[in-house]
Protein chains: 2
Amino acid sequence: MSETGLTFSPEIELRLDEAARLCAERGVTLTPLRREVLGLVLSSEQPIGAYALLDRLRRRRRGAAPPTVYRVLDFLRALGFVHKVERLNAFVGCPSASNYVGHDQGHAVQFLICTRCGRVTETEDDAIAAAIADAAERHGFRQMRATVEIEGICRACVG
Amino acid sequence: MSETGLTFSPEIELRLDEAARLCAERGVTLTPLRREVLGLVLSSEQPIGAYALLDRLRRRRRGAAPPTVYRVLDFLRALGFVHKVERLNAFVGCPSASNYVGHDQGHAVQFLICTRCGRVTETEDDAIAAAIADAAERHGFRQMRATVEIEGICRACVG
DNA sequence: CTCGTCAATGTTATAATATAACGCGTCAAG
DNA sequence: CTTGACGCGTTATATTATAACATTGACGAG
């Protein structure tokens, strides 16, 4: 009857389709492997580490190795589909990848990391970005990108 | 005649003395090992990785091992004498440790990371801190600390 | 004194994260 | 048809960090 069926939830498949479209626009390819890795990242409630990703990937692709996932993550980050949370050495899907600009930067994002539930919320706060740009300028510093990771307890956890 | 001589430059020895004083105030001890590690971090022009630190430490202490430096770094970070630069997995001395407040936080600091010369400048920008606090609050997020790391080209390098 | 306790460090092993380097197949341009 | 770029496989290794347990020395209670 049916084929393998959808690998991911319909919502995520939609986002993957959108990502494929954006890739095509930029003259690059969202290969099956890349699509699968992105789907796994997007499916994770929490930031996912490269090796956790690798484990999950291996359920479907025998022989996947660290370079497999790191290469794909590099690709996805360069396109802005995925971000790395430095504090956690883990990766999150970008909720607004259509805003894409460039190499894991472009739209200045910040993360709210809940140390209780482990979830990470991405924001794009212009006031923070402006304050940072301003501070950089005052130091005569030519800013390329900024990492902003706020740790604490999220609304849901704090009750 | 003289003994071993000063391990570090006079300026750094002064800062180490000050650190020892602050430790005493807080009822903890800046042991010789801790003093030496802090001196090494302060002596480094650039952020220094734990294993680079370990190498240098070994010149004077045979048998130093990774836990040796990680434990000391934890101690120094808890006191605010040292910060970790997450983007680099490396450590910098805090220029204003007298402002100490607590566990590698307290006074909200930001880093300006020059990707050309590798130097890192620490700042304490209230506008950034305020913008972050404000954004957190708007998300109903109880902020505990924030990592802000700005990458680009420093004044000296950009000319 | 001497015992217990604690902070500090030593010691061994291993976990977790990330990259280097090379090979191989496909496919399109020339 | 061959050359070069891309995508991925494969093996090995580098880098960063922690777990777990042992030893030492200082110091107060008894």
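Bear in mind the structure is a predicted one, so any value in this text is a computation, not a measurement. A note on names: the letters A, B, ... follow the listed sequences, proteins ahead of strands, and every chain is numbered from 1.
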Could you state the [atom1]-[atom2] distance from [X] to [N], rounded to the nearest angstrom?
X        : N       : atom1 : atom2 : result
Glu86(B) : dT17(C) : CD    : P     : 13 Å
Lys84(B) : dT17(C) : NZ    : C1'   : 11 Å
Arg61(B) : dT9(C)  : CZ    : C1'   : 9 Å

Under 3.5 Å, is there a donor-acceptor pair linking the side chains of [X] and [Y]?
X         : Y         : answer
Glu86(B)  : Thr147(B) : no
Thr123(B) : Gln110(B) : yes
Ser44(A)  : Gln46(A)  : no

### Query
Looking at Leu30(B), Leu53(B), Val82(B), which hits side-chain contact (heavy atoms from CB on, under 4.5 Å) with Val37(B)?
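Testing Val37(B) for a side-chain contact (heavy atoms from CB on, under 4.5 Å) against Leu30(B), Leu53(B), Val82(B) leaves exactly one candidate, Leu53(B).
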
#### Entry: Residues touching DNA chain C, which here means a heavy atom under 4.0 Å, drawn from residues 30-43 of chain B
Thr31(B), Leu33(B), Arg34(B)

## Note on the structure
For nucleotides 19-30 of chain C, 5' to 3', base contacts (B), sugar-phosphate-only contacts (S) and non-contacts (-) with protein non-hydrogen atoms under 4.0 Å give BBB---------

### Query
Do Val120(B) and Leu112(B) come close enough that some side-chain heavy atom pair is under 4.5 Å?
no

#### Entry: Most 5' of Asn89(A) and Ala64(A) on DNA chain D, judged by nearest nucleotide
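Its nucleotide being nearer the 5' end, the pick is Ala64(A).
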
### Identified salt bridge (Lys or Arg N to Asp or Glu O under 4.0 Å) counterpart of Glu36(B) within the set Arg59(B), Arg60(B), Arg58(B)
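Only one option passes, and that is Arg60(B).
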
## Note on the structure
Min and max contacting nt of DNA chain D in 5' to 3' order, chain B heavy atoms within under 4.0 angstrom, are dT16(D) to dA20(D)

